[in-house]
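To keep things clear, I will list the structure first and then write my remarks on it.
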2 protein chains.
Amino acid sequence: MSAPDIFSIGVLSERSGVNIETIRYYERAGLLQKPARSPGGYRLYRTVDVTRLSFIRRARDLGFSLDEIRHLLDLADQKFRSCRRVHDIGLTHLTEVRAKIRDLRRMEGILATMVKACANGTMPTCPLLEVLASA
Amino acid sequence: MSAPDIFSIGVLSERSGVNIETIRYYERAGLLQKPARSPGGYRLYRTVDVTRLSFIRRARDLGFSLDEIRHLLDLADQKFRSCRRVHDIGLTHLTEVRAKIRDLRRMEGILATMVKACANGTMPTCPLLEVLASA
DNA sequence: TATTGAGTCTGGAGTTCCTACAGGGTGTAC
DNA sequence: GTACACCCTGTAGGAACTCCAGACTCAATA
């Protein structure tokens with residue numbers, strides 16, 4: 001664990017913002033490859049693991065399930081031989097991502113209006129529910 | 001259950017896109033008020049419940065926890081007397097919403113590029129991980 | 001109006017995605 | 001060589017659902 005680009009699970013946790021226990025869980029769940037081990041049995045990681053783990057964390061924050069993230073990781077890993085398959089999976093997620101952006105934009109608009117009104121000392125009414133409720 | 005604006009949990013489920021079991025779970029968790037009951041004990045809902053439930057579903061899809069959603073519902077319900085409190089809670093969520101939008105737009109860009117390249121028959125390399133991994 | 005079949009009820013167990021110990025081993029710094 | 005922080009496995013817990021059994025309700029139809 002002395003080489004600068006090889007580090008322990010604690011360091012990985014710190015650099016990726018993912019809990020140590022969660023990292024081990026992702027390994028069990030197959031989202032991370034089983035890492036190399038030190039002679040004493042410690043897991044050994046590299047920079048590429050930080051990247052992968054940070055991605056998983058962000059994607060989770062954005063409401064993607066582990067299964068969806070598995071798909072996205074497969075895309076990134078170039079696991080699909082067929083261009084058609086990359087296209088289809090990419091398009092599915094693109095549609096989902098765009099829908100999420102649209103919803104978040106709506107929420108942003110409402111929240112910004114409320115915060116602004118409050119800053120002026122005016123107690124605002126809140127159309128938050130209605131704006132997301134409509135199809 | 002004959003009046004047009006009063007309906008059963010099954011109809012509510014259909015109109016809101018939320019599982020029947022999940023609706024009952026939200027009731028137990030205090031996100032939905034306890035509904036009126038028919039003489040035989042069936043839950044009775046109204047249009048306002050569809051709105052509220054649809055909002056919860058959307059917010060869950062966007063990665064908000066039930067606790068965060070409780071806060072947002074409180075905002076919408078005008079539960080806070082103080083403008084300061086509305087301002088603070090609104091601002092907290094606004095910051096979170098904007099961060100999510102930023103991440104999703106990055107994903108959107110990558111996915112769109114990949115889908116486009118694939119449509120041209122070119123197998124693209126995928127910088128998906130890198131784009132979200134960076135702080 | 002009696003029946004039938006879809007819908008609903010409660011309570012409890014199972015699933016996913018973590019998170020928190022307990023009890024023990026590892027690594028390194030003095 | 002012994003502290004002390006770190007890591008190991010395994011198991012148990014929590015959040016947010018999801019499913020099921022066995023019993024009851026309701027509306028439609030014969």
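Chain letters run A, B, ... following the sequence lines, proteins first, then strands; residues in each count from 1.
Distances shorter than 4.0 Å separate none of the side-chain N or O atoms of A:Arg57 from OP1 or OP2 on C:dC18. The shortest distance between the side-chain N/O atoms of B:Ser38 and the OP1/OP2 oxygens of D:dC26 is below 4.0 Å. The shortest distance between the side-chain N/O atoms of B:Arg43 and the OP1/OP2 oxygens of C:dT8 is not below 4.0 Å.
Rounded to a whole Å, the CZ atom of B:Phe7 is 15 Å from the P atom of D:dA27. In this structure, A:Arg37 places its CZ atom 10 Å from C1' of D:dC7, rounding to the nearest Å. Taking atom CD1 of B:Ile23 as the reference point, atom C1' of D:dC17 lies 13 Å away to the nearest angstrom. Between the CD1 atom of A:Ile20 and the P atom of C:dC18 there is a distance of 16 Å, rounded to whole Å. Separating the CD atom of B:Glu27 from the P atom of C:dG11 is a distance of 12 Å, rounded to the nearest angstrom. For the pair A:Lys34 NZ and D:dC8 P, the interatomic distance rounds to 13 Å; values are reported in whole Å.
Side-chain atoms of A:Asp103 never come within 3.5 Å of backbone atoms of A:Lys100 as a donor-acceptor pair (strictly under, hydrogens ignored). No donor-acceptor pair closer than 3.5 Å links the side chain of B:Ser13 to the backbone N or O of B:Ile9. Counting only distance, with no hydrogens or angles, the side chain of B:Asp88 and the backbone of B:Arg85 share no donor-acceptor pair below 3.5 Å.
Toward the 5′ end of DNA chain C lies the nearest nucleotide of A:Tyr26, the other residue of the pair A:Gly40 and A:Tyr26 mapping further downstream. Take the nearest nucleotide of DNA chain D for B:Gly41 and for B:Ile56: the residue whose nucleotide is more 5' is B:Ile56.
In this structure, B:Arg15 is not positioned above the aromatic face of B:Tyr45 in the sense of NZ or CZ being under 6.0 Å from the six-membered ring centre and within 45° of the axis.
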Where do B:His93 and A:Val115 land on the side-chain contact (heavy atoms from CB on, under 4.5 Å) test, with the steps shown first?
CA-CA 10 Å; B:His93 287 290; A:Val115 167; over 6 Å; no
Go through the steps for B:Leu73 and A:Leu129 under the test side-chain contact (heavy atoms from CB on, under 4.5 Å), then give the verdict.
CA-CA 8 Å; B:Leu73 289 172; A:Leu129 296 199; 3.5 Å; yes
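Under 4.0 Å is where a charged nitrogen must lie from a carboxylate oxygen, and between B:Asp67 and B:Arg70 at least one such pair does.
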Please write out each protein N/O paired with an N/O of nucleotides 3-6 of chain D under 3.5 Å, distance rounded to 0.1 Å.
{"from": "D:dC6", "atom 1": "O2", "to": "A:Tyr42", "atom 2": "OH", "distance (Å)": "2.8"}

Polar-atom pairs under 3.5 Å, protein N or O versus N or O of nucleotides 19-22 of chain C: list them with distances, or write none.
{"from": "C:dT19", "atom 1": "OP2", "to": "A:Thr22", "atom 2": "OG1", "distance (Å)": "3.0"}
{"from": "C:dA20", "atom 1": "N7", "to": "A:Glu21", "atom 2": "OE1", "distance (Å)": "3.3"}
{"from": "C:dC21", "atom 1": "N4", "to": "A:Glu21", "atom 2": "OE1", "distance (Å)": "3.4"}

Name the atoms and distances for all side-chain donor-acceptor pairs under 3.5 Å in residues 22-35 of chain B, with sequence neighbours left out.
{"from": "B:Glu27", "atom 1": "OE1", "to": "B:Arg43", "atom 2": "NE", "distance (Å)": "2.7"}

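For DNA chain C, none of the residues of residues 60-69 of chain B falls under the heavy-atom distance limit of 4.0 Å.
By the side chain to side chain donor-acceptor pair (under 3.5 Å) test, B:Asn19 is found to be paired with no residue, residues two or more places apart in sequence or in another chain being considered.
Pairs passing the salt bridge (charged side-chain N to carboxylate O under 4.0 Å, His left out) check and including a residue from residues 108-117 of chain B, sequence neighbours excluded, read A:Arg98-B:Glu108.
Distance CG/B:Leu104 to CZ/A:Arg102: 12.5 Å, rounded to 0.5 Å.
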